[in-house]
**Student:** 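Here it is, the structure, as structure tokens.
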Amino acid sequence: MAKDKIVYFCKECGFESSKWMGQCPGCHAWNTFSEEKVTTSGKKNVTNRNIPKPTSLENVSATDEVRIKTDIKELDRVLGGGIVKGSLVLIGGDPGIGKSTLLLQMCKNLSEKGTKVLYISGEESPAQIKLRAERLAAFGNNMMLLCDGSMENIESNISKGHYEVIIIDSIQTMTVEDVSSSAGTVTQVREVTSRLMQLAKGLDIAVFIVGHVTKEGTVAGPRTLEHMVDSVIYFEGDANSGVRLLRGVKNRFGSTNEVGVFMMTGRGLEEVDNPSQLMLNGRPEGVSGSVVISTLEGTRPILLELQALVCETNFNMPRRTAVGVDYNRVNMLMAVLEKRAGINLAGFDAYVNIAGGMRINDPAADLGIIFAIVSGFRNRPIDDRTVIIGEVGLSGEIRGVTNVLQRVKEAAKMGFSTCIIPKSNYDKEMENLNINVIGVSMLSEALSHI
Ligand code: TYD
Ligand code: MG
């Protein structure tokens, strides 16, 4: 006999409990438990089951993984060289960032090549999708559309259709009839994903799942979703600027060190081959407080413009603002400047900003932040053709960072004439590049180059 039971799930990590709790014992998050009804079926018949036998690894024949190219280079790169048949890919991102657009563009390329794709939407009507598709130019007739949220209907459609790629937009709108809780709850999301996994593995279909992201920045629904799928990709960027980054955080079939760069335009997403050029576009020349830094996105170095505005404060407490870089890091670097370089910033407001709306997390930007602040403070511009790379320690030492050779190569390629780098990162090979490389080991030494 089927029975209904009330259980409580943590929305963050999926921890299950028979009573409500304020704090989750699994992930220590507060106030994340929600009540859900779970149907437990009666006794299971164990005797008639087909029990699989283990085989020796040697006897397993490995077929080469078949990859379908999407012809969107940046997406292929993040997927590890194309879509793997039978894989389950989760694409997370803020609402309106462009997940549906990206997947629709992928469907267009695939359907033109003759790959059979099915786009399932629980959010938009066929007419709405058609409207968007028209902005992205013509589609081949291998592209099928289904607007439904019931997993039972979807399953019967898929089993009839011989599809190779399926898009589920989004997981939060899909429901399984056996589960009585509403769409988007932990039990539903988990059940739908596990059914999709069975479909993907059983029929060798690649499935893309769209997941909305919560305020905290994780895919809504439990973390367990991330464990169930083969790859997790996040689509991020500033909604106001057109730049979008596609970042792999988990990939069973490739590296997670890759980042795809896109630009949202009036006709969908466009790939960006040369992100440095895009980010440096429109940079003012000969202005104080502006420097060029290098950040590593995946394995690709990108050159960015960092700006600082330093002005006398009108308050007792000076104001500090950081956009695109870590606020606490800016405060720390300003303290290092006061103590180690004797520059008194107590009476000055400082605003630090990355032009172009990028957000970075790379310690190699430290020295650039310091240069921008000093340049803004002294109102003296820094040479336009210089790139600044290096982490700054609390004693004012310039510490080494990763992949400096690659960063210097990118600077040379983009036509810069000088690179200031940590001395410990100096490499003989840099002499062959058409760029002047200066190694510095202490802050005072570095500042003498302003
Ligand atoms: P969408 O793919 O619907 O986002 P998501 O599925 O992640 O919620 O993207 C919607 C945004 O993209 C919307 O604000 C409009 C913008 N957009 C363009 O700028 N150009 C286009 O060609 C398209 C299709 C969308
Ligand atoms: Mg959407």
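Remember, it's 1-based here, ligands and their atoms both numbered in the order they're listed.
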**Student:** For R267, take its heavy atoms, then give the atoms of ligand 1 lying under 4.0 Å from any of them.
**Tutor:** 22 (O)

**Student:** Between OG1 of T321 and OH of Y327, what distance do you get to the nearest 0.5 Å?
**Tutor:** 7.5 Å

**Student:** Taking non-hydrogen atoms only, is P95 closer than 4.0 angstrom to ligand 1 via side chain, backbone, both or neither?
**Tutor:** backbone

**Student:** Please confirm whether the backbone N or O of L269 pairs with a side-chain atom of Q105, one donor and one acceptor, at under 3.5 Å?
**Tutor:** yes

**Student:** Going by the atom numbers of ligand 1, which of them fall below 4.0 Å from some non-hydrogen atom of R132?
**Tutor:** 1 (P), 2 (O), 3 (O), 9 (O), 24 (C)

**Student:** Under 3.5 Å, is there a donor-acceptor pair between the side chain of E271 and the main chain of K73?
**Tutor:** yes

**Student:** Within less than 4.0 angstrom of ligand 1, does G96 place any heavy atom?
**Tutor:** yes

**Student:** Of all the non-hydrogen atoms in the protein, which one sits nearest to atom 21 (C) of ligand 1, and at what distance?
**Tutor:** R135 NH2, 3.3 Å

**Student:** Considering only NZ, NE, NH1 and NH2 on the basic side and carboxylate oxygens on the acidic side, decide whether R407 and E410 come within less than 4.0 Å.
**Tutor:** no

**Student:** Under 4.0 Å, counting heavy atoms only: does V210 come that close to any atom of ligand 1?
**Tutor:** no

**Student:** Should you measure from each heavy atom of M264, which atoms of ligand 1 turn up under 4.0 Å away?
**Tutor:** 12 (O), 16 (C), 17 (N), 18 (C), 19 (O), 20 (N)

**Student:** Are any non-hydrogen side-chain atoms of L104 and M143 less than 4.5 angstrom apart?
**Tutor:** yes

**Student:** Taking all non-hydrogen atoms of both residues into account, name the closest pair between P301 and T299 and its distance.
**Tutor:** CD-O, 3.7 Å

**Student:** Among side-chain atoms of D76 and T70, is any donor-acceptor pair under 3.5 angstrom?
**Tutor:** yes

**Student:** With a cut-off of 2.8 Å, does any N, O or S atom of S100 fall short of it relative to the Mg ion (ligand 2)?
**Tutor:** yes

**Student:** Checking K99 side chain against G92 main chain: does a donor-acceptor pair fall under 3.5 Å?
**Tutor:** no

**Student:** Quick one: does T101 get an N or O within less than 3.5 Å of an N or O on ligand 1?
**Tutor:** yes

**Student:** Is there a donor-acceptor pair closer than 3.5 Å between any side-chain N or O of D326 and the backbone N or O of N361?
**Tutor:** no

**Student:** Is it the case that ligand 1 has an N or O less than 3.5 angstrom from some N or O of G98?
**Tutor:** yes

**Student:** Could you list which atoms of ligand 1 come closer than 4.0 Å to a heavy atom of T265?
**Tutor:** 18 (C), 19 (O), 20 (N), 21 (C), 22 (O)

**Student:** Tell me whether H212 has any N or O atom under 3.5 angstrom from an N or O of ligand 1.
**Tutor:** no

**Student:** Does one side chain, of T101 or R132, offer a donor that lies under 3.5 Å from an acceptor on the other?
**Tutor:** yes

**Student:** Does G266, backbone or side chain, put an N or O under 3.5 Å from an N or O of ligand 1?
**Tutor:** yes

**Student:** Looking only at protein heavy atoms, which one is nearest to atom 22 (O) of ligand 1, and how far off is it?
**Tutor:** G268 N, 2.7 Å

**Student:** Can you check whether a protein heavy atom sits less than 4.0 angstrom from atom 15 (C) of ligand 1?
**Tutor:** no

**Student:** Can you tell me the protein heavy atom closest to atom 6 (O) of ligand 1 and the distance?
**Tutor:** S100 OG, 2.5 Å

